[in-house]
Amino acid sequence: MDREDFKKRFIKARRAAIETDFSRLNDMQREAVLTTEGPLLLLAGAGSGKTTVLINRIVNLIRYGRGSDCDFVPDWAEESDIEAMESGRAGADLLGVEPCEPWRILAITFTNKAADELKARLLTALGEESQDIWAMTFHSCCVRILRRHIDLIGYDKSFTIYDSSDSQAVMKRVAKELELDEKMFPPKLILSAISRAKDEMLSPEDFAAAAEKSFDSKQRHYARCYVEYEKRLKAANAVDFDDLIFLTVRLLSENREVREYYQRFFRYVLVDEYQDTSILQYKLVSLLAGGCNNLCVVGDDDQSIYKFRGATIENILSFEKSYPGARTIKLEQNYRSTAHILGAANAVIRNNLGRKGKELWTNAGDGERPKLYVAMNEDDEAQFVANRILEAVSGGMNFRDCAVLYRMNAQSNRLEYAFKRQGIPYKVVGGMRFFDRAEIKDITSYLAAVHNPDDDLRLLRIINNPPRGIGAATIETVRSIASVEGRSLSSVIANADRYPELKTPSKKLLKFAALMDELRESAEKMPLDDFYDELLNKSGYLESLGTNDEALARIDNLKELKSNIIAYMESAETPTLAGFLDEIALYTDLDSVESGDNNVIMMTMHAAKGLEFPYVFIVGMEDGIFPSLRSIGDSEEMEEERRLCYVALTRAKEKLFLIAAKQRMIFGKTSSNMISRFVDEIPEEHIEKPENTYSHRYSAWDEPDDEPSYSWQRREKRTPDEGTYSWQRRERRTDESVGYGGWSARKTEVRQYKKPVEAPKKTVETPKAPALMALEVGDRVKHKAFGEGTVLAITPMPGDALVSVQFGDKEKKLMLKTAGSFMTKI
DNA sequence: ATCATAACGCTTTTT
DNA sequence: GCGTTATGAT
């Protein structure tokens, strides 16, 4: 009996001793870290320190195993051990119970960015041994498993990975050959139908059978495409993104040996952003974690914004049902935003029905109420944002502290105009991605075709690029021969002289085949980066680009690709062409925000998930834009939009501006929309609106009431600095004629504001009225608010200048135009 | 084969 | 309003 009592005290003391390692966490966070065994659902609100918990949890697992969460007491334990633990003298040998080996921990994320961040923070926390942890994305985890065992389900281990544009190219061909009208059956739609089928684990045959039964002709066409699409991928020894997950699930379900191997292998499985998982990913996770059942999922049902690409919020809502005995911990303390911002966000998300229910709180203080500005039109809106940013910078903030969020990428245009005009440096995140650029696709297609001669898709892309006189007619002939003989294009091309039909172009074809062989040989014997140069030259690609402005931008991008190759060579143990192809197939997100740059960040609300900024501007707060037109009338879609709104609002740390325009051009048509219903959902106490802002109500069917739409605001006063419409028009013309790098080259341009080419002048001249103060580095100035200071640096900007001034021990950055009136030279 | 013009049709996006 | 794409003309 004494022993029982002793055991209880021992366990308590052990947990208490382990807790001291995590004393910096709040109670809920610590609970999450110390709960190691069995299924655990972690509902982590925005800004609640989720990643910190994840890191600490892994540290705990490696250091103490299940020490904090089990009843085990060693037989040799005695009273002095408890004393040791209570006095803080106990080490891991006493506190730990089966500490976990790093490589038995699987931490799955969604994006490479998240995986990289996790790895970096684990390295800081644990050092070298952290590198054995399986911290990676769903897809890279699957690639790792499939590269080892995919032959067990009838694929070749050296498979290539097709990205979505590859998939689209294949599907376009398939649809054409099946004589489907592109208007009725856009390749994108067919692919998403197939994606859904894979999500439900339907093979082409299953899908076809189901379609037959349903008498739905559309489904039957989809099924035909699926069959043909799959056939082509298989022939090219390729798999698409969905296949990576699908085939891994198939492998694990069908092959008991492999399944049990991984189930024994992984002792702890953690999944980040669980609200974004699909049914298939749910299956994958439950297969991988099926052994020890130590599955910890982290997510926020209120931040699920990716339903359109297959995510089911159900996964998180029914976690406790799927995993009986699961524990749930909510992290609701927010360390990011002030109370008014959280109040607004909480108020909006409360209107959703399908949620677990969470309420963020903070003890960071009330802060300022979010502000609503009702603009005349999009130019006024952009001007407003620009002015507030300049004010903020005058007040000592950096440009990078400000973010502008919008619903669709197209909205960035007007803001860019305004920012350029005002000399505000900015960076647009998203839009055209690096690996989608034509020149990058071209060269990676060469790399893929060199590595895998059977990759017909990539071969077709490069065979006549640069032009080699191999035209469409020739290619058609080659393809029909290949299809009749059931061989790959490259093998037909290599033997072109044996086919009478190819007599005329055989010389060109053989020359191309020889080129590819030569490149393959080079790839074998050269280091990757040298081979890359060789490829650019021997293929004639570089030469064919020419030397105009657009070509130079493309060449820049190709140099960027080379630096990627070099970075890969440095990071990989044994760099190979195959390895690099794997990496770029999964790593498309290279234009990550470089934190060193001092730019205003512009992006969609989707892209902003997981980020935070002191100042946040949300533009286009209008019904029809946000929430989007397509979601109005559908309550499920509306809830998703509302979650997106919640995500957007919770990005702000200090100041939040919501901007709506009375009139705006959408898709070339002028329309006036009502202020977003989400604004109405924020109570007066948490939002500052202009006077006379009418609030409008909706019926339960999302129908706007019959109030005329222009009447929400009567008449707002215009301050002079907001500018007038005609002035803005004129300015924009000038802007266009100057060219700013040329709009035509926009596709290849990195859309980032570049400083004027001239070297920074030490003196700011007075370019035009109103005259700017003439200042030089080293001048003493007196500022109304900050007192006396010394000018440290001056950066000229169109029509203005950014001045750094040392006031006492504080350095402030001021825009001269704005700050000039508060400052005098002394 | 390559350029010019017209017609269309548009969320959100990672891997 | 803009970018992509299909079609026809040279």
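The analysis underlying the following values was restricted to heavy atoms, covering all of them including side chains, and did not include hydrogens, waters or symmetry mates. Letters A, B, ... mirror the listed sequences (proteins, then strands); counts begin at 1.
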When all nucleic acid strands are considered with a 4.0 Å heavy-atom cut-off, which category describes [X]: base, sugar-phosphate, or nothing?
X	result
A/M665	sugar-phosphate
A/S628	base
A/E641	base

Notebook entry, point to check: Side chains of A/D272 and A/T109: donor-acceptor distance under 3.5 Å anywhere?
Noted result: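 The criterion, which ignores hydrogens and geometry beyond distance, is not satisfied for A/T109 and A/D272.
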For [X] and [N], give me the distance from atom [atom1] to atom [atom2], rounded to whole Å.
X	N	atom1	atom2	value
A/I161	B/dT15	CD1	C1'	9 Å
A/K609	B/dT11	NZ	P	21 Å
A/M408	B/dT12	CE	P	7 Å
A/D582	B/dT15	CG	C1'	13 Å
A/Q275	B/dT14	CD	P	15 Å
A/F308	B/dT13	CZ	C1'	5 Å
A/L644	B/dT11	CG	P	15 Å
A/E378	C/dC2	CD	P	11 Å

Candidates [options] - which lies nearest the side chain of [X]:
X	options	answer
A/E182	B/dT14, B/dT15, C/dA6	C/dA6
A/H139	B/dT15, B/dT12, B/dC10	B/dT15
A/P467	C/dA6, B/dT15, B/dT2	B/dT2
A/R309	B/dT15, B/dT14, B/dT11	B/dT14
A/R407	C/dA6, B/dT11, B/dG9	B/dT11
A/H606	B/dT12, B/dT2, C/dA6	B/dT12
A/K183	B/dG9, B/dT14, C/dG1	B/dG9
A/Y417	C/dT5, C/dC2, B/dT2	C/dC2
A/R630	C/dA6, B/dT11, B/dT14	B/dT11

Notebook entry, point to check: Short question: side chain of A/S628, backbone of A/G624 - any donor-acceptor pair under 3.5 Å?
Noted result: no
Margin query: Just N and O in the side chain of A/S164: are any of them under 4.0 Å from OP1 or OP2 of B/dT15?
Written below: no
Check: Within the structure, does a side-chain N or O atom of A/N409 lie under 4.0 Å from either OP1 or OP2 of B/dC10?
Finding: no
Check: Does B/dT13 have A/Y306 stacked on its base, where the ring centres are within less than 5.5 Å and the planes differ by under 30°?
Finding: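 A stacking contact does not exist, since A/Y306 is not both close and nearly parallel to the base ring of B/dT13.
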Notebook entry, point to check: Taking the six-membered ring for Trp, are the ring centroids of A/Y155 and A/H149 within less than 6.0 Å of each other?
Noted result: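 So the answer is no for these two rings.
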Item checked: Atom NZ of A/K508: over 12 foreign heavy atoms under 6.0 Å -> no
Check: Hey, is CD on A/E177 packed in by over 12 heavy atoms from elsewhere, all under 6.0 Å?
Finding: yes
Item checked: A/D242 or A/I470, whichever maps to the more 5' nucleotide of DNA chain B ->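 Result of the comparison: A/I470.
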Check: Taking syn as any angle within 90 degrees of 0 and anti as the rest, which one fits B/dT12?
Finding: anti
Next item on the list: Measure the acute angle between the ring planes of A/H606 and A/F308, then classify it against the limits of 30° and 60° as parallel, tilted or perpendicular.
Entry: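 Rings of A/H606 and A/F308: perpendicular, as their planes differ by over 60°.
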